[in-house]
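What follows is a single structure, written as structure tokens, with notes after it.
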Protein chains: 2
Amino acid sequence: MRNIRNPDKAIAGYPLTAQRQRLLELIRNAGGHIDAKELYRRASSADTSISLATVYRSLRLFQELGLVDEQRLGWSSHHYEIRSHAEHQHFVCHECGRVIEFQTPLIGKLVRSIQQEQGFNVTRTEFYLEGQCRQCCKDKREDI
Amino acid sequence: MRNIRNPDKAIAGYPLTAQRQRLLELIRNAGGHIDAKELYRRASSADTSISLATVYRSLRLFQELGLVDEQRLGWSSHHYEIRSHAEHQHFVCHECGRVIEFQTPLIGKLVRSIQQEQGFNVTRTEFYLEGQCRQCCKDKREDI
DNA sequence: TTAAGTGCAAAGGCTTTGCAGCATA
DNA sequence: TATGCTGCAAAGCCTTTGCACTTAA
């Protein structure tokens, strides 16, 4: 498929091509987080001609438009998710590999207090945890 | 220089070769944080034959022995620092590029409360901030 | 016609690995 | 002699870039 645009639709002035539309959908449907390779794999199953370059270029565009957030959760590759209104943090489980989102109001408080104490102007906060999730902790206890 | 060991010294049973000794020293002297490439550059100035592979292999060994911590501060390359007893966090300044360490007792509290609330077993915490440091904020105000 | 998106292939940056040689025990 | 560290080169992985083609305005 080559550069087919949908003239009725656009994202922030940029044409919503078939490729971009599908990629956005796939990220939405991914639920949690998806990396470029997996996104490419899923997109390829519907359109075998899509290129990895387009995936990366689209991801970058989506980020610039604020549609998608890039997460670096300590893996080799970046993960992407639809930007949500609600601030949330991530927990990566080493056992089952799941990425669990959770909220804590304390993190905002913490950053504000550091900002004040240290005199920083904070423009980006990176906070995530790794370990075993509730379910995996439970499974382990039951194994014994 | 090829594989010259110092029989008097060892780190946790592993021979402290001249290369490892120099690399450890360089990381110590780096003060804050250093990446593999810069470490290699500095090591090369004293020993032109040292290889980047040795740098990476040594860094991995140091990590396994708990001598060095790997930091992923959102850059493309990892940064390394001597492991310190005191827990601390990192702030990366976008203006001057400096990595500033700071402490806050709240982060431990925060993690403990999340652990309890969510039922996670947390084995690793990643928390760092980006923005403008105190000095750069000040310089900017004075520019006006 | 012009500007922009795409696929393809190549290149880029960071890191790891295979291999032969050498040092130590 | 056996183990393991080293340098070198090659490969690996993730990501970006150059180029020619194609589409829409």
Side-chain angles (χ1 to χ4, degrees), chain A residues 1-24 26 33-41 43-65 67-68 70-80, chain B residues 1-24 33-65 67-68 70-80:
Chain A
M1 188 181 302
R2 282 198 153 257
N3 200 12
I4 293 167
R5 304 184 192 183
N6 182 340
D8 296 335
K9 293 187 180 178
I11 34 178
Y14 290 80
L16 183 60
T17 61
Q19 289 91 336
R20 290 178 183 170
Q21 190 166 13
R22 175 160 309 117
L23 290 172
L24 256 185
L26 284 172
H33 311 77
I34 192 166
D35 63 6
K37 203 172 124 195
E38 175 62 16
L39 186 55
Y40 172 65
R41 206 187 57 74
S44 298
S45 73
D47 167 12
T48 49
S49 77
I50 197 170
S51 78
L52 195 51
T54 295
V55 171
Y56 277 107
R57 281 190 280 235
S58 299
L59 282 172
R60 204 190 234 190
L61 175 68
F62 297 161
Q63 278 181 79
E64 280 166 14
L65 298 179
L67 297 172
V68 159
E70 185 186 68
Q71 300 291 148
R72 314 178 186 114
L73 299 178
W75 288 304
S76 47
S77 62
H78 298 159
H79 282 60
Y80 302 87
Chain B
M1 188 183 300
R2 285 200 151 254
N3 200 11
I4 294 166
R5 304 183 192 183
N6 182 340
D8 295 336
K9 293 185 180 179
I11 35 178
Y14 289 80
L16 184 61
T17 62
Q19 289 91 335
R20 290 177 183 171
Q21 190 166 13
R22 174 159 310 114
L23 290 172
L24 256 185
H33 311 77
I34 193 166
D35 63 6
K37 203 173 123 196
E38 174 63 17
L39 186 56
Y40 172 64
R41 207 187 56 73
R42 295 191 191 177
S44 297
S45 73
D47 167 13
T48 49
S49 78
I50 197 171
S51 78
L52 194 52
T54 296
V55 171
Y56 277 108
R57 282 190 280 233
S58 300
L59 283 171
R60 202 189 236 192
L61 175 68
F62 297 161
Q63 280 181 79
E64 280 166 13
L65 297 178
L67 297 171
V68 159
E70 184 187 67
Q71 300 291 145
R72 315 178 186 112
L73 299 177
W75 288 305
S76 47
S77 63
H78 298 159
H79 282 60
Y80 302 87

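Note on naming: letters A, B, ... go to the chains in the order of the sequence lines (proteins, then strands), and numbering restarts at 1 for each one.
- Closest of all the heavy-atom pairs between B/Arg20 and B/Phe62 is O-CZ, 3.6 Å.
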> Does the side chain to side chain contact (heavy atoms under 4.5 Å, CB included) test come out yes or no for A/Leu26 and A/Ile34, once each step is laid out?
Replying inline: CA-CA 9 Å; A/Leu26 284 172; A/Ile34 192 166; 5.5 Å; no
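- Atom C1' of nucleotide D/dC5 and atom CG of B/Asp47 are separated by 14 Å, given to the nearest angstrom.
- Rounded to whole angstrom, the span from the CZ atom of B/Arg20 across to the C1' atom of D/dC5 amounts to 6 Å.
- A/Gln19 has its CD atom 14 Å from the C1' atom of D/dA24, to the nearest Å.
- Here the closest heavy-atom approach between residue B/Ala36 and residue B/Leu59 is recorded as CB-CD1, 4.0 Å.
- Distance B/Leu16 CG to D/dT6 C1': 15 Å, rounded to the nearest Å.
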Set out, line by line, the N/O atom pairs under 3.5 Å between protein and nucleotides 15-18 of chain C.
residue : atom : partner : partner atom : Å
C/dT15  : OP1  : B/His78 : N            : 3.2
C/dT15  : OP2  : B/Tyr56 : OH           : 2.3
C/dT15  : O5'  : B/Tyr56 : OH           : 3.1
C/dG18  : O6   : B/Arg57 : NH1          : 3.4

>> Quick one, A/Thr54 with A/Thr17, criterion side chain to side chain contact (heavy atoms under 4.5 Å, CB included). Give me CA distance, side-chain angles, the key distance, then yes/no.
In response: CA-CA 11 Å; A/Thr54 295; A/Thr17 61; over 6 Å; no
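- Between A/Ile50 and A/Gln19, the closest heavy-atom pair is CD1-CG, 4.0 Å.
- Rounded to an integer number of Å, the gap from CD1 of A/Ile50 to P of C/dG5 is 14 Å.
- The OH atom of B/Tyr40 sits 12 Å away from the C1' atom of D/dA9 (whole-angstrom rounding).
- In this structure, B/Arg41 atom CZ and C/dG13 atom P are separated by 17 Å, rounded to whole Å.
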>> Between B/His33 and B/Gln71, is the side chain to side chain contact (heavy atoms under 4.5 Å, CB included) condition met? List the steps.
In response: CA-CA 8 Å; B/His33 311 77; B/Gln71 300 291 145; 4.2 Å; yes
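- Rounded to a whole Å, the CG atom of A/Leu61 is 16 Å from the C1' atom of D/dT16.
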